[in-house]
Amino acid sequence: MTQNGSHPLWWKDAVIYQVYPRSFADSDGDGIGDLPGIIDHMPYLEKLGIDALWISPCFQSPQGDAGYDISDYRKIDPLFGTVEDYEALIREAHDHGLRVIADMVPNHTSDQHAWFKEAMVSEPGSAARERYLFRDGKGKSGDEPPNNWQSVFGGIAWTREPERKDGKPRQWYLHLFDSCQPDLNWYNPEVRSEFESVLRFWLDRGVDGFRIDVAHGLIKEKGLPPYTERATMVGEDDDKTPSDAPMWDRDGVHDIYRSWHKLLASYPGDRMLVAEAWVKPLSRLARYVRPDEMQQTFNFDYLLCRWNAAKYREIITDSLEAMHEVGAITAWVMSNHDTVRHASRLGLKDAGARPQGIDAAHEQPNEALGLRRARAVIFMTLGLPGSATLYQGEELGLPDHTTLDRKYRQDPAFFRTEGKEIGRDGCRIPMPWKADGPSLGFNESGELWLPQPKQYKEYAVTVEEKDPHSTLALYRALLTQRKKFHLGRGVLKWAAPRENVVEFTNGDVRVVLNCGNEPVALPPGDILVASHEIGEDKMLPANAAVWISVSKA
Ligand code: NOJ
């Protein structure tokens with residue numbers, strides 16, 4: 001490892017870049033991105049100035065939920081390449097100074113996993129069924145689901161097995177997500193040892209860590225008590241806290257992470273775990289990053305915050321405090337493959353609100369305003385102490401595809417809600433690398449698993465690379481300065497609060513973000529980076545941000 005991400009406890013201030021392999025770069029022209037495609041773009045990733053890559057699942061999978069339904073945890077799906085390609089990716093990344101974080105999905109397998117296939121042909125009560133959550137149905141003939149739990153993707157969280165050859169009553173299995181994603185039984189020691197072995201398999205191949213999918217969901221309350229709310233992952237700020245949900249955030253999950261912590265610690269080189277845990281309040285979230293558990297947990301309160309300076313201040317203060325309480329860092333994030341991209345969210349009338357996808361029938365975001373705010377908000381994200389995760393394409397200012405035709409929809413949530421929820425496809429569109437060609441440089445064939453919206457051309461990497469004021473140039477500048485001033489390891493000090501302004505110093509840098517519609521005066525100091533032009537009057541325009549050097553002020 002040469003430069004980025006090479007220091008001890010690198011994850012404390014790392015900038016992690018989420019690669020969504022299906023949509024990053026397609027080397028073989030089948031319309032779906034792949035591992036050689038990622039390897040080809042390693043120089044681009046290094047030049048961006050990030051420290052690590054989080055690679056969304058590319059393990060063997062029938063792709064019922066875009067790879068979050070894994071049928072063999074030790075194989076790479078042929079769509080993406082081979083285990084050798086993954087090893088090559090790790091090597092290349094390391095040679096470019098980047099760490100690699102794999103995406104581990106322990107809450108459920110695919111229904112095509114050997115274990116589930118075995119369970120389906122095994123007796124109720126058999127060891128094969130004990131790896132999952134099979135239950136008898138309710139009602140005289142057992143044709144009602146065992147309880148009232150609903151799937152995160154809509155509909156009931158249970159599916160009944162098909163007619164049995166032996167004519168015995170058919171059982172039901174639990175799936176908090178799609179029916180092709182049966183939940184595992186984490187009370188079963190065999191499940192635990194299998195996953196430890198899977199973690200070892202990838203650690204032995206050199207991964208630097210794992211992002212743990214649905215980290216708060218592995219343990220379900222014994223007896224599976226009824227729960228009337230939908231088992232949502234959203235946790236919007238106006239929702240009631242989901243802490244009473246029997247499928248989420250049960251205390252028992254922490255034993256699992258304690259044992260994984262030990263396992264990772266037995267390997268050299270500061271390997272890490274980052275939790276995808278939609279947990280409230282922050283004091284509960286902090287339990288995932290106690291010293292003997294995981295290293296990071298994504299801060300979704302930050303992601304879900306509306307465009308409101310006072311709210312940002314509150315969430316930042318509360319998050320830093322809650323994580324500090326357990327000696328952990330905060331992991332800031334604004335976008336990922338499950339949420340409408342923030343360049344689009346911030347262009348909505350209720351700026352920052354998190355819709356379940358946007359299509360032509362919905363309010364269309366104001367693209368220019370959304371982009372303007374997206375360029376500004378990153379000054380705050382990268383100016384904060386701790387780690388930050390970027391989602392591929394946000395460095396270009398990409399919006400969602402907000403008019404994607406229903407015929408292209410692939411997200412199971414779209415089908416399970418009968419189209420009431422449009423789903424997450426809009427934020428998963430293939431990357432525009434070039435301004436021309438049928439797939440904007442995503443591949444050479446022009447095949448695309450999801451079509452790109454017209455305006456993606458203007459955001460292409462080749463276009464932005466030529467423009468010193470592009471969003472790409474801005475990200476590169478910010479990432480350089482962040483490193484230079486060690487902002488990830490710094491300490492935040494709030495400036496006196498001003499209406500609509502988020503303003504703090506972190507070491508020698510003053511961060512000022514204007515969330516309001518009127519210009520505000522800037523404090524003295526040399527401007528290091530600005531999201532928009534600052535005039536002679538030294539006023540920070542509306543929806544803009546700067547980093548100012550206060551060392552020379
Ligand atoms: C969270 C992942 O980020 C999402 O994409 C997936 O659908 C669910 N977990 C189920 O694995």
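First listed ligand is number 1; within each ligand, the first listed atom is number 1. Count residues from 1 along the sequence.
- When non-hydrogen atoms are compared, ligand 1 lies under 4.0 Å from neither the backbone nor the side chain of Phe298.
- Under a 4.0 Å heavy-atom criterion, Gln18 is not in contact with ligand 1.
- Here the side chain of Gln364 pairs a donor or acceptor atom with the backbone of Asp359 at under 3.5 angstrom.
- Between Tyr20 and His337, the two ring planes are parallel [angle under 30°; tilted spans 30° to 60°].
- Within ligand 1, counting atoms from 1 as listed, the ones closer than 4.0 Å to a heavy atom of Arg424 are 4 (C), 5 (O), 6 (C), 7 (O).
- In the vicinity of Glu276, heavy-atom distances shorter than 4.0 Å reach the ligand 1 atoms 1 (C), 3 (O).
- Near His108, with a cut-off below 4.0 Å to any heavy atom, the atoms of ligand 1 are 10 (C), 11 (O).
- Residue Arg211 places a heavy atom under 4.0 Å from ligand 1.
- For ligand 1 and Arg428, the ligand atoms under 4.0 Å from any heavy atom of the residue are 5 (O).
- Remark: Asp270 engages Pro8, Leu9, Trp10, Trp11 in a side chain to side chain contact (heavy atoms under 4.5 Å, CB included) (not counting sequence neighbours).
- In this structure, Phe59 has its ring center at least 6.0 angstrom away from the ring center of Phe80.
- Between His108 and Tyr173, a ring centre-to-centre spacing not shorter than 6.0 Å is recorded.
- Heavy-atom proximity to atom 2 (C) of ligand 1, evaluated over Asp69, Asn336, Asp213, is greatest for Asp213.
- Using modelled atom types, no side-chain atom of Glu276 and backbone atom of Ile212 make a donor-acceptor pair closer than 3.5 Å.
- Close contacts between ligand 1 and Val214 involve ligand atoms 9 (N) [criterion: under 4.0 Å to a heavy atom].
- Ring geometry for Trp433 against Tyr44 counts as perpendicular: the plane angle is over 60°, on a 0 to 90° scale with 30° as the lower cut.
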